[in-house]
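First comes the structure, then the notes that go with it.
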Amino acid sequence: MNLNKVLILLILIISFIWLVVPFTMAILWSLVDPSEPWTVDKIFPPVMSFYRWNYMWENSNLKEALLNSYILAPTTALFCLILSIPTSYAFGRLNFYGKEIAKLLTLLPIVLPPFVTSIYFSSILFEIGFQYWKFGNVLIAHVVLFIPFSIRIMTVCFEQVKQDVIDAARDLSASKIEVFKTAYFPSLKSGVFASILIVFILSIEEFAIAFIIGAPDFITIPTILYSALGQDFVRPNAAVISLILVFPNVILMIFLERVLRSANPALISGK
Amino acid sequence: MKALNYLKIIALLLPGFGLILFFLGMILYVAIFQSFGLFNLSGEDNFTLQYWEKLFNRKVFYRSVNYSLYVGVISSIISVALAYPIALWLRKPFYGSIIINSILKAPLLVHGLVAAFLFVNLVAYHGIINQIFIFIGLWDEPIRMQNDKNAIGVLILQVWKNLPFALLILLGSIQSIGDDVIDAARDLGANSFARLKKIIAPLTISSMQAALIIIFIGALADFSFQSIAGPTNKYSLSQLMLYYKNNGRWHEAAGVGVTIMIISFLGAIFISYLTKFIFFGRKINEFK
Amino acid sequence: MYSLEVRNIKMKYDNFTALSDVSLKVKKGEFVTLLGPSGCGKTTLLKIISGFITPSNGNVFINNEDVTKTPPETRDTAMCFQSYALFPHLSVLQNLSFGLIQRKVDTKKRSQILEEVVAQLELTTELEKLPNQLSGGQQQRVALGRALVMRPEVILFDEPLSNLDALLRESVRIEIKRIVKLFNLTAIYVTHDQHEALSLSDRIALLHEGSIIQIDDSETIYTSPKNKFVANFLGSSNIISAKLIKKGNKKNEWIFQSEIGKLVVYSEEVSVKPDVHISWRSEKVTFNKSSDNKIKGKIENIFFLGSHYEVFVKVNKEIVKINVSNKHLLNKEITFFLDKRDLKILED
């Protein structure tokens, strides 16, 4: 019992160093007013204001990046979901030769290093002369990269549809639509949510493809963060972009956790 | 009828599985052939080994391979080694375990680039660590810790980002081991270390392998951590690949890309065999 | 000199008492069964003996040594789990030798012990197999063997037969008894099945709501249940309330008035309370007219159970259950007799 308390305390202290300190630092840095720099001898910034936030909003391509990211992510999520459903149905409810291998191969995009994928993807685009519509290019790459997650989640959902419920519904002479509503819909509902949310988050965060295929014409939040951390490194500006990138994710993930926990524990464990 | 059935299945697989297979097949195809001089974007296609030769003659190539392997191996081992005891501790729910679990998994929500930035903030010349140590008077002046040459910074970031992932994978499979099995091992005299080595690790070996392989490949092909927090005198393989690509040297970039894939593939096989050997290898020699 | 002693064990959880003051002494080589309905605390007691649970109060002694604080790793007990808990990734041989390797028994001694146990349990041809390649009965034998090789001071069984089908259950039961006696082991056996308990045990401890209600050898506990709970739990009993009228003419004879008429009961007790419950076993009816108590009733229901008929008889307002083997006796009305020695006065 006591050992447990010590361990809990230890984790709390570590996570304090692990999470709280870095984020506090980022918040503080984002509030540094340019009128007086934050030098090494001061524990807190001498002058604090929202100047940086305003400045980034007005004078950088942050707006454009936000717009791009938040159009790209839901579009990717929707495409992934729609395209994954037939395959998931086949994986989840039909038996055919080579199913297990097909399931395994589906995971390939996850295992392949994203930088390799994106470079050859852009090379293919060059080859077929399709490299100019950046949004479309990034969208296709994102769909290919993240559809394994949708397929995985939806497959589990289809597997969990109970055959006896389908049979019972049919036995009670339900129409095809009724069968779908009573037998399929309940277990698919949470999967649809989970798939959209996960792909959305992954797409918002995705860096390699956006950077290699999209940049410099098509910018997303991760790519401007990268340049803010690299060639035009201004710490307070980078802090602002970091926080903008993190906070929506945290909220979405908490939401996702709720959806998953309330609906379908097997989705998380992936069994 | 049977043929029709197959057509139906193929039609169902086409939009999802087909899409993946098509693009990934293309990518592998292009990568491999481009490294041999085909798919030339700025001239004639020519099958040649010269790009591979060029690569093999460059010191920077070997240094990148070594460096990326170093990061990949160390980060995957440390992440999984740390995740095991934590997962064992969280196996049974206790008061506060859900909160601990969420705190430990929080880094999953933080983008790698943000993590790198946060880390750089801490260790920078003007970062809080320097500030604190100067404030308490332990150090006279700031110490340069950022971009350290042993890539400790990159390793810390990798573990920070991958430990929660390993925990996520391991916790599920550790929780699925029956209490009775672990109790039986205790009852037969196995202490905690023996239980971990002889029962828990072998029973969770596929999760362990999955975690090791995915973290290894991710860290091997790392670009963002390396370019922000890594040593400035070293290139990771991804950096090297990007460097060639940005200079229009697509074929050499392809060579590096294929190298990454080959190392990933071999690494995965090696990890599978090694873990199997460690936890199942030595047969006990009993009477026959 | 006791192999196992459990002294004043209490186990309390936040708002629930699993065991309240349990004590038990078990001699070397004795087979004691903890019997009771689910939730009576029998498994908790077993886990306290094996060391997986530390009791809130009280002590456990093995070979007169206090082991209350000894962890299961070093405690001289070995357990056969209900789920068998075989290590699924290890072969039968590796499962069997696991404990010996943990105890660092040297190779020569190890193979000697293993050879004996393997031969006794007829596992010679299965040694290289993995547990999931074995049948249920074989898995059970491996679990038993894994505990046996430890040569424990006390061997513990946690409902070991509950996952087997009826036929196997009997043969494995015989096997367990034979092996335990062969190796002269002290055994604690947990079950909720009275047939197992009666057939296996030297003594049965009947648990209810966290305490031992009665502990006796099989026959005594069956024929002389202490109270209503024991009478109901073991076998099928009829229990009726009765009022003492007077002491009988003969020695140790008491006469009661009950719903089913006047009853003569034999009891060696010095005094008897005026209001009691009296029980008798359904099978303890006779049709011998010289018996002490004659009872007449109307037959309500008859069930054929193979070896006998189970007959529900309405006597006045009370319904009693009797076992009858002769079909000809089953008319609308029935008259049966109860021997005064088969009637038991229950403590409340």
Side-chain angles (χ1 to χ4, degrees), chain B residues 84-85 87-89 91-97 170 172-210 212 272-288, chain C residues 14 46-47 49-53 71-105 107-108 110-116 118-119 124 127-128 131 142-143 146-150 152 154-156 158:
Chain B
Y84 257 102
L88 282 174
W89 178 43
R91 191 172 79 90
K92 285 278 169 128
F94 54 84
Y95 183 75
S97 64
L170 289 176
S173 72
I174 282 183
Q175 279 171 338
S176 69
I177 301 176
D179 286 348
D180 277 1
V181 171
I182 293 172
D183 280 355
R186 282 192 80 180
D187 193 46
L188 295 168
N191 59 23
S192 358
F193 180 73
R195 292 201 294 278
L196 179 62
K197 182 167 183 294
K198 294 189 168 170
I199 306 296
I200 292 159
L203 284 178
T204 54
I205 195 156
S206 31
S207 298
M208 185 205 305
Q209 289 167 337
L212 281 172
S272 309
Y273 274 94
L274 188 70
T275 46
K276 262 223 172 99
F277 177 75
I278 291 176
F279 296 109
F280 286 92
R282 273 149 292 171
K283 286 256 174 227
I284 43 168
N285 41 338
E286 290 302 337
F287 68 97
K288 267 271 155 291
Chain C
D14 293 336
L46 196 73
K47 291 206 161 173
I49 295 170
S50 56
F52 292 113
I53 299 178
E73 291 93 304
T74 45
R75 207 178 274 205
D76 198 8
T77 57
M79 173 110 127
C80 283
F81 289 82
Q82 180 174 16
S83 62
Y84 314 143
L86 298 178
F87 306 127
H89 59 297
L90 299 180
S91 69
V92 169
L93 178 60
Q94 286 170 320
N95 264 287
L96 289 173
S97 51
F98 187 89
L100 295 174
I101 293 176
Q102 293 313 312
R103 293 267 159 91
K104 301 202 167 60
V105 177
T107 323
K108 207 178 137 205
R110 201 161 76 205
S111 19
Q112 189 192 327
I113 296 174
L114 280 170
E115 218 159 341
E116 185 184 0
V118 164
T124 320
L127 290 177
E128 295 305 315
V142 177
R146 195 175 62 176
L148 279 176
V149 295
M150 301 301 284
V154 182
I155 189 164
L156 307 166
D158 185 10

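These values consider heavy atoms only, across backbone and side chains, with no hydrogens, waters or symmetry-generated copies. Computed from a predicted structure; not experimentally measured. To find a chain, count down the sequence lines: A is the first, B the second, and so on, and within it residues start at 1.
Proximity to chain B is limited to the side chain of C:Met150, based on heavy atoms less than 4.5 angstrom apart. Proximity to chain B (any heavy atom under 4.5 Å) is shown, for C:Thr74, by neither the backbone nor the side chain. For C:Leu156, no part lies under 4.5 angstrom from a heavy atom of chain B.
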Exercise for the section: Could you give me the CA-CA distance, side-chain angles and deciding distance for B:Arg195 and C:Glu73, then say whether salt bridge (charged side-chain N to carboxylate O under 4.0 Å, His left out) is met? Expected result: CA-CA 11 Å; B:Arg195 292 201 294 278; C:Glu73 291 93 304; 3.3 Å; yes

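Side-chain atoms of C:Gln94 come within 3.5 Å of backbone atoms of C:Ser91 as a donor-acceptor pair (strictly under, hydrogens ignored).
Listed here is the closest heavy atom pair of B:Asp187 and C:Met79: OD2-N, 2.5 Å.
Aromatic ring pairs are classed by plane angle as parallel below 30°, tilted from 30° to 60° and perpendicular above 60°; the pair C:His89 and B:Phe280 is perpendicular.
Not counting sequence neighbours, the partners of B:Phe193 by the side chain to side chain contact (heavy atoms under 4.5 Å, CB included) test are B:Asn191, B:Lys197.
Using a cutoff of 4.0 Å between basic side-chain nitrogens and carboxylate oxygens, B:Asp179 and B:Arg91 are scored as salt-bridged.
Remark: B:Ile177 CD1 to B:Leu88 CG distance equals 8.0 Å, nearest 0.5 Å.
The interface of residues 202-209 of chain B with chain C, defined by heavy-atom distances below 4.5 Å, comprises B:Pro202, B:Leu203.
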